[in-house]
Amino acid sequence: MQFNAPRGTKDILPPASLKWQYIEKVAREVFANYNYDEIRTPIFEYTELFQRGIGEVTDIVEKEMYTFEDKGGRSLTLRPEGTASVIRSFLENKIYGQAQPTKYYYIGPMFRYERPQSGRFRQFHQLGVEAIGSNDPALDAEIISLGMRFLSNFGLEDLSLHLNSVGCKYCRPKYIEILKDYLINNRELLCNDCKARIDRNPLRVLDCKNERCQSVIDDAPKIVDHLCRECYGHFSSVQAYLDILKINYYINPKLVRGLDYYTNTAFEIKDSHLGAQDTVFGGGRYNGLAEEIGGKKIPGIGFALGIERLLLSIKAQNIEIPIEKGIDLYITVIGENAKKEAFRLNDLLRNTGFKTEMDYLDRSVRSQMKSADRMNADYTIILGEDELENDSATIRNMKTGNEKLIKLSSLINEMKQLVYGEEVV
RNA sequence: GUGGGUGUAGCUCAGUUGGCUAGAGCGCAGGAUUGUGGCUCCUGAGGCCGUGGGUUCAAGCCCCAUCACCCACCCCA
């Protein structure tokens with residue numbers, strides 16, 4: 001019986017894992033540069049946290065959660081996103097007692113039960129950033145610019161920033177009513193899905209991809225025109241800050257995000273090179289979330305970036321991620337005694353800090369050289385019985401093909417000189 | 001959950017209207033070079049043709065079912 005990885009999950013093997021490490025390394029550098037610190041929360045939480053945080057009527061909660069009962073009868077859920085956990089932790093650990101704002105980032109797997117397709121998996125990975133404890137529109141702009149800065153490290157092109165405001169708990173319901181009226185009046189022009197959405201989730205009609213609905217949607221009342229004074233001011237201010245940083249954005253009245261906790265600013269970065277799932281990262285403000293999960297009223301803003309989608313984007317644009325390959329030295333051996341000495345030298349070289357390798361399959365010199373070549377070894381030494389007797393070995397530069405005879409006792413110094421260019425004292 | 005597509009060697013794929021021992025390129029292993037990689041050449045290993053039924057003298061090919069993967073819808077990272 002052979003097993004497959006469960007549907008929607010993937011093994012991340014080398015060399016892909018090296019790309020992941022590179023992305024994570026860049027992320028940690030950029031996030032640190034903006035003074036964000038890492039937070040690590042549990043992979044699973046009480047189911048109720050997500051039900052209340054994300055919203056009962058969202059797709060995530062209604063049909064996408066990996067929920068199970070533990071032996072103590074508690075209902076737990078594999079996290080479908082990161083923000084709810086971060087805010088739960090913020091409240092639980094009373095971080096609001098410290099100087100604000102609090103700036104966190106996280107990296108890790110998320111789980112949603114969905115049919116996999118391009119850019120969508122059941123276990124996927126997000127890089128997320130949260131700035132908690134301030135409603136300053138400048139932070140909205142900082143979060144967005146941070147995401148853009150991170151992406152700029154990869155040389156991606158044709159990325160578009162979509163921006164919108166979804167209002168607050170006071171002005172959004174009023175807008176929804178206005179939108180609903182409009183949709184009801186134009187009901188006959190909508191597709192069947194949208195007809196059903198009018199009651200269930202009228203905002204969803206706005207991002208329907210069906211061509212029939214487009215004309216109706218284009219003329220629909222825009223939420224921007226129905227924001228309360230405060231929300232409108234916030235939205236204008238975010239734009240002003242983005243302008244200062246010369247970040248281009250596209251005001252997209254159809255941008256409505258699927259999670260209930262969003263307020264005010266909503267944004268997405270899309271890559272036109274991707275398929276149907278083209279959002280590389282998305283996020284927004286969530287000023288109501290803390291209260292929703294039973295805490296104080298604490299504002300926050302953040303984004304989550306899909307690592308798989310970033311990788312797809314990088315691939316689609318033919319960008320090479322620099323991965324460290326190659327070793328400093330490959331030790332080729334002939335015979336048992338030479339192998340023992342090679343084994344000792346290999347250990348010594350590694351302890352000195354060199355990346356080295358040797359043969360473990362008792363293969364011919366020719367095969368060992370082939371291996372060295374495939375491993376991208378800078379140098380090889382050849383150790384046989386003759387060399388052992390003379391405490392010497394041939395060291396070969398694999399790029400030039402030059403060889404010279406050296407004393408084994410001076411191998412470390414020789415390598416230091418060759419690899420680091422250090423003068424031997 | 002719904003729809004479409006695809007399953008043949010480690011990988012990418014050929015395989016004529018069903019017909020004898022199922023192929024190529026790449027990769028892998030060994031050799032040409034009794035102890036030296038990349039180029040070239042030779043040789044070799046590796047396939048219950050996704051799985052289970054059915055039709056047929058005969059199935060990789062036809063039919064049914066099932067599973068997996070891909071893409072799209074829904075929705076989102």
Side-chain angles (χ1 to χ4, degrees), chain A residues 1-10 13 54 57-64 79-83 107-128 147 191-194 196-197 200-201 203-204 207-210 255-259 262 266 268-271 274-283 302-313 330-335 338 359 361 363-387 393-403:
Chain A
M1 173 77 184
Q2 271 241 33
F3 288 102
N4 295 334
R7 160 167 274 201
T9 68
K10 285 248 192 306
L13 307 164
I54 297 169
V57 296
T58 57
D59 275 17
I60 290 180
V61 172
E62 277 182 347
K63 53 184 193 186
E64 295 174 3
R79 63 182 185 194
E81 59 98 47
T83 304
I107 300 178
M110 305 294 163
F111 306 84
R112 293 184 200 173
Y113 188 86
E114 297 186 88
R115 282 287 286 272
Q117 70 186 75
S118 181
R120 169 181 298 158
F121 308 93
R122 289 186 171 178
Q123 175 174 338
F124 60 103
H125 299 77
Q126 289 186 332
L127 289 166
C191 68
N192 289 333
D193 285 343
C194 282
R197 286 185 186 122
R200 297 203 63 205
N201 200 342
L203 287 177
R204 280 273 145 248
D207 65 357
C208 179
K209 288 164 191 161
N210 193 311
L255 174 60
V256 289
R257 301 189 51 76
L259 285 56
Y262 284 113
E268 288 186 1
I269 293 283
K270 291 170 180 290
D271 179 356
L274 262 37
Q277 314 304 327
D278 59 355
T279 301
V280 178
F281 75 80
F303 72 71
L305 178 146
I307 299 181
E308 285 86 353
R309 288 193 188 170
L310 173 60
L311 249 4
L312 281 176
S313 193
Y330 186 97
I331 306 173
T332 300
V333 300
I334 305 140
D359 176 64
L361 291 167
R363 292 181 300 182
S364 65
V365 172
R366 189 180 121 84
S367 298
Q368 294 184 55
M369 291 299 286
K370 268 187 153 178
S371 289
D373 188 45
R374 274 196 308 262
M375 282 176 205
N376 241 313
D378 290 330
Y379 298 92
T380 54
I381 57 170
I382 298 163
L383 249 190
E385 304 295 331
D386 298 345
E387 285 88 345
T394 304
I395 185 160
R396 177 183 178 87
N397 181 321
M398 294 296 275
K399 292 197 176 59
T400 65
N402 294 335
E403 291 187 349

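In what follows, chains are A, B, ... by sequence order, proteins preceding strands, each numbered from 1. These values consider heavy atoms only, across backbone and side chains, with no hydrogens, waters or symmetry-generated copies.
- Between the CG atom of A/Leu13 and the C1' atom of B/C11 there is a distance of 14 Å, rounded to whole Å.
- Here, B/C26 and B/C69 have their P atoms 31 Å apart, quoted to the whole Å.
- Between the NZ atom of A/Lys10 and the P atom of B/C69 there is a distance of 8 Å, rounded to whole Å.
- One interatomic measurement links the two molecules: CZ of A/Arg115 to C1' of B/C75, which rounds to 14 Å at whole-angstrom precision.
- Residue-to-nucleotide proximity on RNA chain B shows that, of A/Glu308 and A/Ser118, the 5′-proximal contact is made by A/Ser118.
- On a pure distance criterion of 3.5 Å, a polar donor-acceptor pair joins the side chain of A/Arg120 and the base of B/C75.
- For the strand RNA chain B, secondary-structure stems (runs of at least three Watson-Crick or G-U pairs, all distances below 3.5 Å) span B:1-7 with B:67-73, B:10-13 with B:23-26, B:28-32 with B:40-44, B:50-54 with B:62-66.
- Each of A/Lys63, A/Arg120, A/Arg7 was evaluated against A/Glu114; a single residue qualifies, A/Arg120, per the salt bridge (charged side-chain N to carboxylate O under 4.0 Å, His left out) test.
- Look at NZ on A/Lys270: it is 12 Å from C1' on B/C75, rounded to the nearest Å.
- For the C1' atom pair drawn from B/G18 and B/C49, the interatomic distance equals 15 Å after rounding to whole Å.
- Residue A/Gln368 is out of contact with every strand shown, counting any heavy-atom pair closer than 4.0 Å.
- Residue side chain A/Gln277 does not reach the base of B/A72 through any donor-acceptor N/O pair under 3.5 Å, judged by distance alone.
- Rounded to whole angstrom, the span from the CZ atom of A/Arg112 across to the C1' atom of B/A77 amounts to 6 Å.
- For A/Arg79 (side chain) and A/Pro109 (main-chain N/O), a donor-acceptor pair under 3.5 Å exists by modelled atom type.
- With rounding to whole Å, A/Glu268 atom CD is found 13 Å from B/C75 atom P.
- The closest donor-acceptor contact from the side chain of A/Glu308 to the backbone of A/His125 lies under 3.5 Å.
- Although no hydrogens or angles enter the test, the distance criterion places a donor-acceptor pair under 3.5 Å between the side chain of A/Glu81 and the main chain of A/Thr83.
- Distance alone, capped at 3.5 Å, is enough to place a donor-acceptor pair between the A/Arg309 side chain and the A/Thr279 backbone.
- Side chain of A/Arg363, nearest nucleotide from B/G30, B/C74, B/U2: B/G30.
- Taking atom P in both B/G30 and B/G23, the straight-line distance is 25 Å, to the nearest Å.
- Applying the ring-ring contact (aromatic ring centres under 6.0 Å, His included) test to A/Tyr330 and every residue at least two apart in sequence or in another chain returns nothing.
- In this structure, A/Ala304 reaches the sugar-phosphate backbone alone: every heavy-atom distance under 4.0 Å involves primed, P, OP1 or OP2 atoms, never a base.
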Let's go through A/Val280 and A/Leu274 carefully: what are the C-alpha distance in whole Å and the side-chain angles of both, what is the deciding distance for side chain to side chain contact (heavy atoms under 4.5 Å, CB included) to 0.1 Å, and is it a yes or a no? CA-CA 9 Å; A/Val280 178; A/Leu274 262 37; 4.2 Å; yes

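- Atom P of B/C20 sits at a distance of 13 Å from the matching atom of B/C61, rounded to the whole Å.
- Listed by chain and number, the residues in a salt bridge (charged side-chain N to carboxylate O under 4.0 Å, His left out) with A/Arg122 amount to none (sequence neighbours excluded).
- In this model, the phosphate group of B/C69 is approached by a side-chain N or O of A/Arg7 to a distance below 4.0 Å at OP1 or OP2.
- No side-chain donor-acceptor contact under 3.5 Å links A/Arg363 to the backbone of A/Gln368.
- For the side chain to side chain contact (heavy atoms under 4.5 Å, CB included) test, residues two or more places apart in sequence or in another chain that qualify with A/Ser118 are A/Leu312.
- Among the atoms of the strands shown, none is found under 4.0 Å from any heavy atom of A/Tyr330.
- Atom name P, nucleotides B/G53 and B/C42: the rounded distance is 43 Å, in whole Å.
- Comparing B/C11 with B/G47, their C1' atoms are spaced 14 Å from each other, to the whole Å.
- A gap of 16 Å separates the C1' atoms of B/G38 and B/G27, to the nearest Å.
- Residue side chain A/Phe124 meets the stacking definition with respect to B/A77: its ring centre sits within less than 5.5 angstrom of the base's six-membered ring centre, and the planes differ by less than 30 degrees.
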Heavy-atom protein contacts under 4.0 Å, nucleotides 31-45 of chain B, coded B base, S sugar-phosphate only, - none: BB--BBBB-------

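- Taking only side-chain nitrogens and oxygens, A/Gln117 never comes nearer than 4.0 Å to OP1 or OP2 of B/C71.
- Comparing B/A45 with B/A9, their C1' atoms sit 11 Å apart, to the nearest whole Å.
- We find that CD1 of A/Ile54 is positioned 13 Å from C1' of B/C75, with the value rounded to whole Å.
- Evaluation of the side chain to side chain donor-acceptor pair (under 3.5 Å) rule for A/Glu64 yields no partner, not counting sequence neighbours.
- Residues A/Arg309 and A/Thr9 both approach RNA chain B. Their nearest nucleotides, taken by heavy-atom distance, put A/Thr9 toward the 5′ side.
- Atom NZ in A/Lys63 sits roughly 7 Å away from atom P in B/C75 (whole-Å rounding).
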